[in-house]
Amino acid sequence: MKPSLPQGTRDFGPETVRRRNYIFQTIRSIFELYGFQPLETPAFENIETLLGKYGDEGDKLIFKILNNGLDNPSKHELITTEFGKVLEGKTTRVISERALRYDLTIPFARYVAMNHGKLTFPYKRYQMQPVWRADRPQRGRYREFYQCDADVVGSYSSISDAEFAQIYLEVFVCLGIDIKLKINSRKILNALAQVANAPDKFQVITVAIDKLDKIGIEKVMEELSQKGISTQGLEIIKRFLTLVGSNDKKISQLNSLFVNNEEGKAGIRELVYILQYLDSNQIEVDVTLARGLNYYTGIIYEVKATGVAIGSIGGGGRYDDLTGLFDVPSVPGVGISFGVDRIYDVMMELDLFPKDLEVSTRALFFNLGDSEAKFAFPYMQLLRKNGISCEFYHEQAKLDKQFRYAERKNIPYVVIIGSQEIQENSCLVKQLQTGDQEKVALDGLVNYFTIKT
RNA sequence: GUGGUUGUAGCUCAGUUGGUUAGAGCAUCAGAUUGUGAUUCUGAGGGUCGUGGGUUCGAGCCCCAUCAUCCACCCCA
């Protein structure tokens, strides 16, 4: 058969894996630095754990796993009727009782709800695992991709909100990516819906204003008016959308807009709190930032790489009652997520990966025949024992072939031990990049490479 | 899920109004060079033209379906 990959998935070759690991390690070390602890959860969950948590759109994008044993003759009738429901767009347990993880937050909430008696709060965990979405793939969008999440649960303190902003900035400085970190509060968006006299149209309003930078203010107003927002409401939303200037300026304008709205004022306090911990040029208050996931209740974050059109490379926010979905009330939390695959694409486009990531083998031993190989082999093993990674060329071949192998694998040194060298108890070490070569005594070989490293 | 784009050698791509045996560059392999690699020269291998149907005397080219790809929308990391 002809080999192929499922839509939206990829294989990762050695260079790619090394570069991806570089991103993972950078993020992990900073998570650890801030006191987060690792957690891993299964690739698939009971389907009801996931359904209904991400909105209607999210439910459609969840990969459902077909149950085994659907061909069991004794269940034939039941399964046929249940499958009729699937055709109507409903998923039933008889057909599917498991689904692939859609993000890391809901499985985490499930874990916290199951273990809330045992955990020490505030509980800080990080998680770096793949998630799956049945989306249509395109640039920066995959059906299998990794998220790196960090969350704090069990505390209402805004200190965590500020720390997460700090983590975002720190990670992207380490990776060398120039970003814009945007913040907003769901409370402010709620308040907007209230003062615009459309408290029930919160969803409609956020979806529309989220598109502002894409379709422009006229089209946004058009969409809102079609969705039944009053002229008076439109006027207020328009004023809201045209907030400009520095963070301080925006805050004072918001203050005047929400003088009589408690929720709005609470949202402003959340923003002000974070801003006092950060330089104003690192972070931008963006009142049009909405974010789709509907469990957020407070601060929300989004990270975009400047100069690369790829969507957001990170996002997160505060949710005051995530575990309530699993019958454990009042465990608030806040968290952020990094999209590793998009970060990778950005770094490739901007050529930001360190060049030495691809070096693995330090030295290639040439194969000059059976007896020479037998003589040289123990010296290679000695290098390996000292932590220097080496390879022996697999067969006797023309030198130029062995050289080219070293070149293609980016091996910096070549060690040649032939009959001449055996007699002298030495070897030739050639550095490929410079072309320099020198004679090295065999008992000084380990030392030679230790110094070079 | 909706709309569009593209699919020819390992890679990047040519291929005329439908006409005999489908080409190039790069890469690979072999030789010029039996202990010195990015140069040069010579030669070789490699394709059921994404897949399956259809129209035609004849299809890489036209039609239909299907799969994959990239893009836009929706949504999102």
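Every chain is numbered from 1 and lettered A, B, ... according to where its sequence line falls, protein lines coming before strand lines.
Taking the six-membered ring for Trp, A:Phe164 and A:Phe36 have ring centres closer than 6.0 Å.
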Q) Can A:Asp321 and A:Val331 be said to form a side chain to side chain contact (heavy atoms under 4.5 Å, CB included), step by step? A) CA-CA 6 Å; A:Asp321 190 18; A:Val331 179; 5.8 Å; no
(Q) Is there a salt bridge (Lys or Arg N to Asp or Glu O under 4.0 Å) between A:Glu391 and A:Lys409? Walk through the geometry before answering. (A) CA-CA 11 Å; A:Glu391 290 183 56; A:Lys409 281 195 75 175; 2.9 Å; yes
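The residue A:Gly314 sits close only to the backbone: its heavy atoms come under 4.0 Å of sugar-phosphate atoms, none of a base. Looking at heavy-atom distances under 4.0 Å, A:Gly8 makes contact with sugar-phosphate atoms alone, never a base. Residue A:Lys304 is classed as having no contact, given no heavy-atom separation below 4.0 Å to the nucleic acid. A:Asp341 comes within contact range of no nucleotide atom at all, as no heavy-atom separation falls under 4.0 Å. Within 4.0 Å (heavy atoms only), A:Leu368 reaches no atom of the nucleic acid at all. Note on A:Val303: nothing from the nucleic acid sits closer than 4.0 angstrom, heavy atoms only. Within the nucleic acid shown, A:Ile310 has no heavy atom closer than 4.0 Å to any nucleic acid atom. Across all strands shown, A:Tyr146 has no heavy atoms under 4.0 Å from either base or sugar-phosphate atoms. Residue contacts shown for A:Arg404 are limited to sugar-phosphate atoms, with no base heavy atom under 4.0 Å away. At a threshold of 4.0 angstrom between heavy atoms, the contacts of A:Gly140 include nucleobase atoms, whether or not backbone atoms are also involved. If you check every strand for non-hydrogen atoms under 4.0 Å, A:Gln147 touches sugar and phosphate atoms only. As judged by a 4.0 angstrom heavy-atom cut-off over every strand, A:Gly58 is placed among residues making no nucleic acid contact. If you check every strand for non-hydrogen atoms under 4.0 Å, A:Ile343 touches nothing.
To the nearest whole angstrom, the two C1' atoms, one in B:C64 and one in B:G10, are 32 Å apart. Taking atom P in both B:G19 and B:C11, one finds a spacing of 27 Å when rounded to whole Å. Comparing B:A44 with B:G53, their C1' atoms sit 38 Å apart, to the nearest whole Å. Comparing the C1' positions of B:U21 and B:G58 gives a spacing of 15 Å, expressed to the nearest Å. A gap of 27 Å separates the P atoms of B:U5 and B:U48, to the nearest Å. Across the C1' atoms, B:A24 and B:G15 are found 11 Å apart, a figure rounded to whole Å. Distance check on atom P: B:U69 versus B:U8 gives 14 Å, rounded to whole Å. B:C29 and B:A38 have their P atoms separated by 13 Å, with the value rounded to a whole Å.
At a cut-off of 3.5 Å, with distance as the only test, a side-chain donor of A:Gln127 or A:Arg125 sits close to an acceptor on the other residue. Donor-acceptor pairing under 3.5 Å is lacking for the side chains of A:Asn184 and A:Tyr296.
Within the 4.0 Å cut-off from OP1 or OP2 of B:U36, not a single side-chain nitrogen or oxygen of A:Lys401 is found. Residue A:Arg408 places at least one side-chain N or O closer than 4.0 Å to OP1 or OP2 of B:U28.
Note that A:Arg10 lies in the cation-pi zone of A:Tyr142, set by a 6.0 Å cut-off to the ring centre and a 45° limit from the axis.
The A:Lys211 side chain lies nearest to B:C74 when the options are B:G37, B:C74, B:A77. For A:Ser312, taking side-chain heavy atoms from C-beta onward, the closest of the listed nucleotides B:G35, B:C74, B:A77 is B:A77.
Contacts of A:Ser96 classified as side chain to side chain contact (heavy atoms under 4.5 Å, CB included), with partners at least two apart in sequence or in another chain: A:Ile47, A:Lys64, A:Thr91.
Between A:Tyr54 and A:Tyr102, the ring planes are tilted. Angles from 30° to 60° get that label.
Regarding A:Arg133, its CZ atom lies at a distance of 9 Å from the P atom of B:C76, rounded to whole Å. Atom CG of A:Asp135 and atom C1' of B:U2 are 13 Å apart (whole Å). Computed from coordinates, the A:Asp210 CG to B:C73 P distance equals 13 Å when rounded to whole Å. If you take CD of A:Glu424 and P of B:G35, they are 16 Å apart, rounded to a whole angstrom. Here the C1' atom of nucleotide B:U36 and the CD atom of A:Gln396 are 15 Å apart, to the nearest Å. In this structure, the CZ atom of A:Arg136 is 20 Å from the P atom of B:A77, given to the nearest Å. With rounding to whole Å, A:Tyr296 atom OH is found 10 Å from B:C76 atom P. Separating the OH atom of A:Tyr54 from the C1' atom of B:G1 is a distance of 20 Å, rounded to the nearest angstrom.
Judged by distance alone with a 3.5 Å cut-off, a donor-acceptor contact links the side chain of A:Glu421 to the base of B:G35. Counting atom types as modelled, A:Arg141 pairs a side-chain N or O with a base atom of B:C75 as donor and acceptor under 3.5 Å. In this model, no side-chain donor or acceptor of A:Gln7 finds a partner on the base of B:U69 within 3.5 Å.
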Q: Any chance you could encode RNA chain B as dot-bracket? Rule is Watson-Crick or G-U wobble with both distances under 3.5 Å; [ ] for pairs crossing earlier ones, | for another strand.
A: ((((.((..((((.....[...)))).(((((.......))))).....(((((..]....))))))).))))....
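Environment of CZ in A:Phe44: sparse, with no more than 12 heavy atoms of neighbouring residues, nucleotides or ligands closer than 6.0 Å.
Between A:Gln138 and A:Leu61, the residue whose closest nucleotide on RNA chain B is further toward the 5' end is A:Gln138. Comparing A:Ala134 and A:Thr434, the nucleotide of RNA chain B nearest to each residue sits closer to the 5' end for A:Ala134.
From A:Ile183, atom CD1 reaches atom CG of A:Leu278 across 8.0 Å, with rounding to the nearest 0.5 Å.
With its ring centre under 5.5 Å from that of the base six-membered ring and a plane angle below 30°, A:Phe145 counts as stacked on B:A77.
Listed by first then second residue, pairs satisfying side-chain hydrogen bond (donor to acceptor under 3.5 Å, both in side chains) with a partner in residues 20-32 of chain A read A:Arg20-A:Asp341, A:Glu32-A:Tyr126, not counting sequence neighbours.
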